[in-house]
There are 2 protein chains.
Amino acid sequence: MAHDRIKGNLDLLLLAALAAGPAHGYELAASIRERSDGEFVLAEGTVYPALHGLESRGLITSSWHVVGGRRRRVYELSGAGRDARDRQAADWRRFASGMNRVLGASS
Amino acid sequence: MAHDRIKGNLDLLLLAALAAGPAHGYELAASIRERSDGEFVLAEGTVYPALHGLESRGLITSSWHVVGGRRRRVYELSGAGRDARDRQAADWRRFASGMNRVLGASS
DNA sequence: GGCCATACCTAGGAATTCTAGGCATGGCAG
DNA sequence: CTGCCATGCCTAGAATTCCTAGGTATGGCC
């Protein structure tokens with residue numbers, strides 16, 4: 001809804017947001033929304049399945065906590081997750097610079 | 001194949017490439033490949049349906065030509081296409097800057 | 001004559017995200 | 001003390017988008 005362009009970048013967004021420290025799903029969505037100045041508003045139905053996928057691939061780990069009577073599943077980057085983030089961030093930069101070259105060449 | 005990140009950006013790539021002047025499908029794929037330094041390698045099965053979609057939305061127009069015994073369908077940006085390109089390019093810049101904010105905030 | 005580059009096309013698959021729903025707790029306003 | 005909203009988690013299936021895989025046809029080169 002925010003942007004179809006999120007396709008292919010969701011994992012990177014989550015990994016990058018988690019690089020700032022452990023967080024739970026609901027919090028991650030808010031964090032990404034704030035950091036992007038409201039540009040990326042991720043629905044919960046988007047965030048949770050994506051987190052499950054990242055965990056099943058070993059890029060993040062989770063643990064349950066109870067805070068104020070509410071259960072939370074807190075996620076944390078694994079070593080492989082940090083590597084994946086670095087790789088995907090590099091991919092993103094290459095992609096963005098390709099886009100800018102194609103866009104700029106039109107003048 | 002080049003990048004899943006192309007999702008959502010294909011139309012803009014084609015519109016931007018066409019902004020340099022009329023071109024046919026095969027040529028556009030090559031043009032985008034070159035301008036992006038090999039970053040975006042679009043399959044024909046990607047390019048042609050996308051062009052048909054752009055035409056059906058009135059963003060480009062086409063005309064058949066025969067050059068050297070080979071038929072070509074040459075596409076050209078319409079006025080609405082130029083507007084769409086400007087809008088989508090602006091969207092892209094907002095998106096990219098959102099990405100960079102989220103990525104950069106992790107340090 | 002065979003092969004490759006050029007040039008177009010489409011149907012269906014694959015991958016990804018979103019919609020729409022569901023469940024549960026705590027706190028606050030009324 | 002009762003709604004109601006924010007917090008917090010989840011899933012199934014729809015929707016969207018691009019790619020795979022296949023097909024057709026011409027011209028030029030060896």
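Remember, it's a predicted structure, so these values are computed and weren't measured experimentally. Residue numbering restarts at 1 for every chain, and letters A, B, ... go by the order of the sequence lines.
- Taking side-chain N and O atoms only, A:Arg72 has no distance below 4.0 Å to OP1 or OP2 of C:dT25.
- Side-chain contact annotation: A:Ser62 with A:Arg73, donor-acceptor N/O pair under 3.5 Å present.
- Atoms CG (A:Leu28) and C1' (D:dT7) sit 15 Å apart, rounded to a whole Å.
- Comment: B:Asp11 engages B:Arg57 in a salt bridge, judged by a side-chain N to carboxylate O separation of less than 4.0 angstrom.
- Using a 4.0 Å cut-off between charged nitrogen and carboxylate oxygen, B:Arg94 and B:Asp91 count as a salt-bridge pair.
- The nucleotide whose nearest atom lies closest to any side-chain atom of A:Thr46 is, among C:dT19, D:dC18, C:dC8, C:dT19.
- The distance from atom CZ of B:Arg70 to atom P of D:dG27 is 7 Å, rounded to the nearest whole Å.
- If A:Glu44 and A:Gly69 are placed on DNA chain C by their nearest nucleotide, the residue sitting closer to the 5' end is A:Glu44.
- Between the CG atom of A:Leu51 and the C1' atom of D:dG8 there is a distance of 13 Å, rounded to whole Å.
- Where A:Arg71 and A:Val47 each meet DNA chain C at their nearest nucleotide, the meeting point lying more 5' is that of A:Val47.
- Between B:Tyr26 and the phosphate of C:dT6, there is a side-chain N or O to OP1/OP2 separation shorter than 4.0 Å.
- The separation between A:Arg33 atom CZ and D:dA6 atom C1' is 12 Å, rounded to whole Å.
- Atoms CZ (B:Phe40) and C1' (D:dT17) sit 16 Å apart, rounded to a whole Å.
- Taking side-chain N and O atoms only, A:His52 has a distance below 4.0 Å to OP1 or OP2 of D:dT11.
- Rounded to a whole Å, the NE2 atom of A:His24 is 17 Å from the P atom of C:dT25.
- The distance from atom OH of B:Tyr48 to atom C1' of D:dC19 is 15 Å, rounded to the nearest whole Å.
- Candidate nucleotides D:dC18, C:dC8, D:dC9 were compared by shortest atom distance to the side chain of B:Arg73, and C:dC8 ranks first.
- Within the nucleic acid shown, A:Gly45 comes within 4.0 Å of at least one base atom, counting heavy atoms only.
- One atom, CD of A:Glu27, and another, P of D:dG8, lie 8 Å apart when rounded to the nearest Å.
- Between A:Lys7 and A:Val74, it is A:Val74 whose nearest contact on DNA chain D lies nearer the 5' terminus.
- If you take CG on A:Leu54 and CZ on A:Arg85, they are separated by 13.5 Å, rounding to the nearest 0.5 Å.
- Nearest nucleotide to the side chain of B:Pro49, out of C:dT10, D:dC18, C:dC9: C:dT10.
- Side-chain polar atoms of A:Glu55 and A:His52 form no donor-acceptor pair below 3.5 angstrom.
- Place B:Leu42 and A:Tyr75 on DNA chain D by their nearest nucleotides, and A:Tyr75 ends up nearer the 5' end.
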